[in-house]
Amino acid sequence: MNHVKTTHTSARTLDFSNVVGDIRGGVVSFLVAVPLCLGIALASGAPLFSGIIAGIVGGLVVGLFSRSALSISGPEAGLIVVTLAAIESLGSFPAFLLATCLAGLIQVGLGYLRAGSISNFFPSSVIKGMLAGIGVILIIKQIPHLVGYDADSAEEISLFQPEGFNILNQFRMALEQLNGVAVLIAALSLIILLLWERPVFKQHALLKNIPGALVVVVIGIGINGLVSTIAPAFALKGNHLVQLPVAESFSGFFGLFTWPDFDQWNNPQVYASALSIALVASLEALLAIEASDQLDPLKRKTPTNAELKAQGIGNLVSGLIGGIPLTSVIVRSSVSINAGARTKLAALLHGTLLLVCVIALPSVLNQIPWAALASILLITGYKLARISIFKQLYNEGIDKFIPFVATVAAILLTDLLTGIALGMLVALFFILRENYRNAHRIHVFQNGEKEHIRISMGDYVSFLSKASMVKLLTSIPDNAVVEIDSSQSSYIDSDVMNTIYNFRETALKRNIQLVFLREPISDHKPIPESIIAKRNRHLREIEQMK
């Protein structure tokens with residue numbers, strides 16, 4: 001097996017060795033982020049501009065403090081439920097902003113408590129299942145947008161929503177409201193994006209430096225503008241286009257911001273909401289960071305505790321200036337990586353473009369058709385859920401493939417966090433099964449007149465092996481020689497060890513000789529002196545029988 005060397009990313013230093021690729025990644029993730037920030041804010045019951053604020057903070061603030069080379073942060077669909085519940089329970093958006101600030105402080109504290117190590121306990125099959133599940137949902141959720149039905153947010157990671165309006169209903173309504181201009185824009189966009197992946201384009205001296213997504217957006221705006229001139233009645237309008245709040249003046253721009261209500265500091269519900277936001281945002285961030293590291297062509301490893309601190313600072317700043325909670329977002333990160341980003345410069349550019357365009361060019365952004373953006377997300381979803389990924393996990397064995405498929409299916413049928421939890425349970429089952437199977441090996445051979453049974457203990461023998469050990473020792477025939485070989489064991493649970501020692505009670509009566517090739521290593525719990533004396537007496541008796 002070939003092992004890929006991983007290295008920790010350098011702290012807060014900018015790398016300009018891949019400027020062109022980072023610019024492409026920053027531009028493409030910016031184009032995708034604008035409507036998604038708005039859609040998540042809308043679904044969360046928050047002001048639309050609060051989603052844009054979170055996107056800007058995620059790019060600039062988290063991008064500055066994070067030590068991840070490729071992750072891009074911002075509002076994420078997994079936070080919609082907790083955000084909506086917090087706003088409803090607190091009764092006001094300013095009080096919710098205070099909870100967001102406190103959630104940021106909690107995340108910083110978790111970073112200092114080194115809670116980021118929890119990400120090391122997620123199997124790679126579950127992480128890959130999470131990516132593939134998100135990819136499948138992205139593909140399915142873009143289909144209505146491709147035909148001109150734009151009533152649903154593209155980043156809502158849920159196929160079956162609580163109110164019963166599921167993706168099948170969306171397909172039916174989308175076909176009833178088929179829009180020819182949207183279909184035309186989507187078809188051309190997909191053709192362009194696929195062609196941009198061909199070697200003739202990727203190796204072209206000029207075209208390789210131009211993001212295919214940027215070409216798609218420009219052509220989408222151009223086609224809709226042409227239709228508006230020739231046949232205005234057929235042009236895409238309203239929710240078929242990006243809808244960004246537009247300020248009438250400089251003072252009006254600052255009027256879009258909302259400030260926290262610090263008078264709510266003594267409201268217990270604020271702290272309860274802050275804790276729920278911090279826990280969900282932290283878990284989402286750790287999972288997304290793990291997934292981004294797996295997508296990294298350079299195989300760098302992000303320090304997770306430092307990432308929790310960066311995410312906490314981001315949520316603190318976002319709450320202070322009127323933004324909804326943010327976290328690391330795998331959708332935006334993967335879009336950026338696929339476009340060629342290799343350093344955090346892409347995240348900083350993504351945030352800068354959001355800020356500049358919201359201030360200077362909101363009317364231009366509001367001309368982007370959803371159909372063009374949906375094409376970008378559909379291709380991104382395909383790259384996350386390629387058939388080759390399913391084949392790879394299948395070839396790695398059932399213990400990898402089943403948790404992978406279970407995670408994908410659970411995410412499709414429930415939601416992101418529930419799907420990951422169910423995937424973890426399936427993975428844990430296979431881990432325990434493997435541990436149970438490999439707890440010991442048996443080798444039987446004849447040495448003279450006596451039958452020798454050598455029991456070779458595994459590296460880590462847990463309490464789960466107690467039942468199989470009892471069954472094995474009970475089945476040993478009389479007059480045999482039993483060799484317990486623990487030379488390869490780093491740990492043997494005290495329950496298993498006591499089972500072996502207790503077997504000596506019957507071994508002497510049945511003329512079974514018990515030999516330790518190496519004394520088992522237990523969990524080092526204190527053993528009563530009476531047990532030690534009894535064990536020493538048995539050892540002396542065994543020595544006398546040799």
Side-chain angles (χ1 to χ4, degrees), residues 1-4 76-78 80-81 118-143 154-162 166-168 170-171 280 283-297 299 327-335 337-338 377-438 464:
M1 182 182 293
N2 294 326
H3 294 278
V4 180
E76 205 274 330
I80 289 176
V81 174
I118 191 176
S119 63
N120 296 326
F121 295 95
F122 287 89
S124 61
S125 58
V126 174
I127 299 298
K128 291 178 180 178
M130 178 190 74
L131 289 172
I134 291 174
V136 172
I137 289 180
L138 280 177
I139 293 171
I140 296 174
K141 298 285 277 187
Q142 303 323 302
I143 294 175
E155 202 180 20
E156 171 62 35
I157 307 297
S158 175
L159 291 183
F160 302 97
Q161 298 172 19
N166 58 43
I167 193 66
L168 299 178
Q170 294 173 7
F171 283 163
V280 175
L283 181 57
E284 295 252 0
L286 292 174
L287 291 173
I289 283 293
E290 185 73 19
S292 297
D293 287 347
Q294 290 196 18
L295 294 176
D296 184 5
K299 300 303 175 187
T327 187
S328 178
V329 186
I330 189 57
V331 174
R332 262 164 266 182
S333 303
S334 60
V335 167
I337 294 168
N338 290 331
L377 288 172
L378 187 143
I379 296 297
T380 299
Y382 168 73
K383 290 181 178 180
L384 291 175
R386 295 187 301 271
I387 298 297
S388 60
I389 296 174
F390 286 77
K391 290 181 178 178
Q392 175 194 345
L393 271 295
Y394 180 79
N395 292 331
E396 289 183 9
I398 191 172
D399 58 326
K400 298 288 185 183
F401 184 68
I402 297 299
F404 167 77
V405 172
T407 304
V408 174
I411 289 175
L412 294 177
L413 295 174
T414 57
D415 56 65
L416 187 63
L417 291 179
T418 304
I420 292 168
L422 292 174
M424 282 292 295
L425 289 176
V426 175
L428 181 62
F429 166 78
F430 280 95
I431 291 171
L432 294 177
R433 190 188 73 154
E434 192 68 17
N435 181 274
Y436 178 83
R437 285 182 170 182
N438 296 327
L464 296 172

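Here the structure is a predicted model, which is why all the values come from computation and not from measurement.
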At their closest point, which heavy atom of [X] faces which heavy atom of [Y], and how far apart are they?
{"X": "A427", "Y": "P123", "result": "CB-CG, 3.8 Å"}
{"X": "F122", "Y": "I127", "result": "CB-CD1, 4.0 Å"}
{"X": "S328", "Y": "S333", "result": "OG-OG, 4.5 Å"}
{"X": "V126", "Y": "G423", "result": "CG2-O, 3.7 Å"}
{"X": "V426", "Y": "A406", "result": "CG2-CB, 3.8 Å"}
{"X": "E396", "Y": "K400", "result": "OE1-CG, 3.9 Å"}

Spacing of [atom1] belonging to [X] relative to [atom2] belonging to [Y], to within rounding of 0.5 Å:
{"X": "L283", "Y": "I118", "atom1": "CG", "atom2": "CD1", "answer": "6.5 Å"}
{"X": "L131", "Y": "E290", "atom1": "CG", "atom2": "CD", "answer": "10.0 Å"}
{"X": "N338", "Y": "L384", "atom1": "CG", "atom2": "CG", "answer": "7.0 Å"}
{"X": "I330", "Y": "E284", "atom1": "CD1", "atom2": "CD", "answer": "11.0 Å"}
{"X": "L425", "Y": "I420", "atom1": "CG", "atom2": "CD1", "answer": "12.5 Å"}
{"X": "S334", "Y": "L295", "atom1": "OG", "atom2": "CG", "answer": "6.5 Å"}

- Message: Assess the residue pair Q294 and S124 against the criterion (side-chain contact (heavy atoms from CB on, under 4.5 Å)); give the C-alpha distance rounded to whole Å, side-chain angles, the decisive distance to 0.1 Å, and a yes or no.
- Response: CA-CA 9 Å; Q294 290 196 18; S124 61; 4.0 Å; yes

- With the side chain counted from C-beta on, respond yes when M424 and P403 share a heavy-atom pair under 4.5 Å apart, and no when they do not.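 Result no, sub-4.5 Å side-chain heavy-atom pair not found.
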
- Message: For the CD1 atom on I389, are there more than 12 heavy atoms of other groups (residues, nucleotides or ligands in this structure) within a distance under 6.0 Å?
- Response: yes

- List the steps and the verdict of side-chain contact (heavy atoms from CB on, under 4.5 Å) for L393 and S125. CA-CA 8 Å; L393 271 295; S125 58; 4.3 Å; yes

- Item | Ring-ring centroid check F390 F404, cutoff 6.0 Å | yes

- Sort out for me which residue in T418, L412, I411 forms a side-chain contact (heavy atoms from CB on, under 4.5 Å) with T414. T418

- Query: So, the side chain of T407 versus the backbone of M130: is there a donor-acceptor pair under 3.5 Å, distance only?
  - Reply: no

